[in-house]
Amino acid sequence: MADKRDYYEVLGVDKNADDAALKKAYRTLAKKYHPDANPGDAEAEARFKEASEAYAVLSDPEKRRQYDQFGHAAFDGSQGFSSADFSNFDFGDIFGDLFGGMFSGGGGFTRGTASSNGPMKGASVRTSVRISFDEMVRGCEKKVTLNLKDECANCHGSGAKPGTSKETCTKCKGTGQVTYTQQSIFGMIRNVQACPDCNGTGQIIREKCPECRGTGYITRKTTLEVTIPAGIESGQMIRVAGKGEPGVNGGPRGDLLVEVQVAESNRFERDGMDVYTEEKISFPTAALGGPIHVQTVDGTIEYEVKAGTQTGLKVRLRGKGIPSVRNKDVRGDHYIILTVVTPTGLNSKQKEALQAYADAMGDGPGPKKKGIFR
């Protein structure tokens, strides 16, 4: 017993550790060193067994009391407990969280896969579609073409040659699972696996359908129409229920998942449900005010610029943005950024008119001052 490490040292806890601290420490070590997580690693297996032994002793009040009093000598056989005897210890609540309920109590555990011969939903199918900015604003219908499995018309989905039928697998007796047992430090391990003879279906096809080769399905090119709601954002997914792969053993079909890619607009900049545009206005319009024509996602409207508008002014057009994808009656706003354009390439008449304006504003020529175009 002298070569054994102290159980408290093994778990990395002090001698006053409570049950919660012991359990937490053991969970960490079990997850790190469990053989399933370290296949073929003898050192990890040894560390796992060492931690399991330490926890089995320290988590039992009576055994912990004996260990605290006598150390490892308490379990050399004379005290009535062997360190390898875990048959009455339940590791179920420890491993259940770590390994997804693979383990059961009662001196042993079971691991493996769930039954695969019951009804199961078919696999989902993914595809993508590209739409224009205008189609996004209004919503649209798009056709997608993809290869989907359908029930074989020759065998009606059974996979068996017409005139024959499936047989119950003799190895698993129709359960789709086989159980292997082996001895471990925890007792008997029950390892549940899919039956290798029937691949977990519980049935065997002796004579396969020549059309589908026993699969029960034929792959065909299928075209489906998908409704794209207004306001959808690029990268969002649309789920079309029941348009995926067929289910297994009577299960429902899977779903079709369509990723939507929205093309960018040359005119509008999108920010959620809002849109932004830049509208250039002349200096007279900015100074005097007047109507301008603004292109919105719904078409062209007339907007009245206020006199004295400065460049960079942001104007809000309520409800002229993009519809909500959840409620088409709810819409964002359209923001206009007004930019005053400085005229270039003026002819002589235009220069004179602008000079007259400058003179009227007090920017004209004085005794020692020239005009802005002189």
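All values reported here derive from a predicted model rather than from experimental measurement.
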message: Run Lys280 and Glu278 through side chain to side chain contact (heavy atoms under 4.5 Å, CB included) and show every step you take.
response: CA-CA 7 Å; Lys280 296 180 179 180; Glu278 180 188 26; 4.3 Å; yes
message: Applying side-chain hydrogen bond (donor to acceptor under 3.5 Å, both in side chains) to Gln261 and Glu259, what does each step give before you reach the verdict?
response: CA-CA 7 Å; Gln261 297 295 330; Glu259 182 180 358; 2.9 Å; yes
field: Evaluation steps, side-chain hydrogen bond (donor to acceptor under 3.5 Å, both in side chains), between Glu141 and Thr227
entry: CA-CA 5 Å; Glu141 302 286 332; Thr227 300; 2.9 Å; yes
task: Starting from the C-alpha separation in whole Å, work towards a yes-or-no answer on side chain to side chain contact (heavy atoms under 4.5 Å, CB included) for Tyr55 and Lys23.
output: CA-CA 8 Å; Tyr55 181 70; Lys23 186 174 182 179; 3.8 Å; yes
message: Run Glu264 and Glu269 through side chain to side chain contact (heavy atoms under 4.5 Å, CB included) and show every step you take.
response: CA-CA 8 Å; Glu264 293 185 359; Glu269 181 179 341; over 6 Å; no
- request: Show the numbers, then the answer: is there a salt bridge (Lys or Arg N to Asp or Glu O under 4.0 Å) between Arg316 and Asp333?
  value: CA-CA 7 Å; Arg316 180 183 185 184; Asp333 300 323; 2.8 Å; yes
- prompt: Run the side chain to side chain contact (heavy atoms under 4.5 Å, CB included) check on Thr222 and Asn147 step by step: do they pass?
  reply: CA-CA 6 Å; Thr222 305; Asn147 293 321; over 6 Å; no
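Donor-acceptor pairing under 3.5 Å is lacking for the side chains of Tyr26 and Ser59. Judged purely by distance below 3.5 Å, without hydrogens or angles, the side chains of Thr339 and Thr311 never pair a donor atom with an acceptor atom.
Legend: residues meeting ring pair (Phe, Tyr, Trp, His ring centres under 6.0 Å) with Tyr217, ordered by chain and number and at least two apart, are absent. For the side chain to side chain donor-acceptor pair (under 3.5 Å) test, no residue two or more places apart in sequence or in another chain qualifies with Arg126. For the salt bridge (Lys or Arg N to Asp or Glu O under 4.0 Å) test, no residue two or more places apart in sequence or in another chain qualifies with Arg213. Scanning for side-chain contact (heavy atoms from CB on, under 4.5 Å) contacts around Gln310 gives an empty result, with sequence neighbours left out. Partners of Arg138 by side chain to side chain donor-acceptor pair (under 3.5 Å), not counting sequence neighbours: none found. Remark: Phe283 pairs with Tyr357 by the ring pair (Phe, Tyr, Trp, His ring centres under 6.0 Å) rule, at least two apart or across chains. For Thr342, the side-chain contact (heavy atoms from CB on, under 4.5 Å) criterion is met by no residue, not counting sequence neighbours.
Under the 4.0 Å criterion applied to side-chain N and carboxylate O atoms, Glu62 and Arg65 are assigned as salt-bridge partners. Ion pairing between Lys49 and Glu53 fails under the 4.0 Å rule for side-chain N and carboxylate O. Arg239 has a carboxylate O that lies under 4.0 Å from a charged side-chain N of Asp255, or vice versa, which qualifies the two as a salt bridge.
Residues His334 and Asp274 are not in side-chain contact: their nearest non-hydrogen atoms beyond the backbone lie 4.5 Å or more apart. Contact of the Thr215 side chain with the Cys152 side chain is not registered, since no non-hydrogen atoms from C-beta on lie closer than 4.5 Å. By the 4.5 Å heavy-atom criterion applied to side chains, Glu50 and Arg5 are counted as neighbours. Side-chain contact check for Glu151 versus Pro246: every heavy-atom pair is 4.5 Å or farther apart. Counting heavy atoms from C-beta on, the side chains of Arg253 and Asp150 come closer than 4.5 Å. Taking the side chain as every heavy atom from C-beta outward, Leu22 and Leu11 approach each other to under 4.5 Å.
Cluster partners of Val10 are absent, since no Ile, Leu, Val, Met, Phe, Trp or Tyr has side-chain heavy atoms less than 4.5 Å from it. In this structure, Tyr276 belongs to a hydrophobic cluster whose other members, linked by side-chain heavy atoms under 4.5 Å apart, are Tyr335. Hydrophobic cluster of Val258: the remaining members, joined at side-chain heavy-atom separations below 4.5 Å, are Val125, Val129, Ile131, Phe133, Met136, Val137, Val144, Leu146, Leu148, Leu224, Val226, Ile228, Ile232, Ile238, Val240, Leu256, Val260, Val262, Phe268, Val275, Val297, Ile322, Val325, listed by chain and number.
Across every non-hydrogen atom of Gly216 and Cys155, the tightest pair is CA-SG, 4.1 Å. Here the closest heavy-atom approach between residue Ser124 and residue Leu257 is recorded as CB-CD1, 4.2 Å. What you find for Ala286 and Val340 is that their closest heavy atoms are CB-CG2, 3.7 Å. For Ala153 against His156, the heavy-atom pair with the smallest separation is O-CE1, 3.6 Å.
Under the 3.5 Å distance criterion, the side-chain polar atoms of Thr285 are left unmatched by any main-chain donor or acceptor of Ile281. Formation of a donor-acceptor pair under 3.5 Å by the Gln69 side chain with backbone atoms of Gln66 is not found in this model. Put simply, the side chain of Gln350 gets close to the backbone of Asn347: a donor and an acceptor are under 3.5 Å apart.
Separation of atoms CG (Asp134) and OG (Ser265) is listed at 7.0 Å; rounding is to 0.5 Å. A distance of 11.5 Å separates CE in Met361 from CG in Asp359, rounded to the nearest 0.5 Å. Rounding to the nearest 0.5 angstrom, the gap separating the CG atom in Leu313 from the CD1 atom in Ile337 is 8.0 Å.
The aromatic rings of Tyr8 and Tyr67 sit tilted, their planes meeting at an angle between 30° and 60°.
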Quiz: residues 165-172 side-chain donor-acceptor pairs under 3.5 angstrom, not counting sequence neighbours:
{"residue": "Lys166", "atom": "NZ", "partner": "Ser158", "partner atom": "O", "Å": "3.3"}
{"residue": "Glu167", "atom": "OE1", "partner": "Arg206", "partner atom": "NE", "Å": "3.1"}

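A continuous path of hydrophobic side-chain contacts links Ile301 to Ile336 [ILVMFWY only; heavy atoms under 4.5 Å]. Note on Val305: it clusters hydrophobically with Val294, by side-chain heavy-atom contacts below 4.5 Å among ILVMFWY residues. Following chains of ILVMFWY side-chain contacts shorter than 4.5 Å, one cannot reach Val178 starting from Ile204, and the two form parts of different hydrophobic clusters.
Counted within 6.0 Å of NZ on Lys142, heavy atoms from surrounding residues, nucleotides or ligands total more than 12; the atom is thus considered enclosed.
Pairs passing the side chain to side chain donor-acceptor pair (under 3.5 Å) check and including a residue from residues 295-306, sequence neighbours excluded, read Asp298-Arg331.
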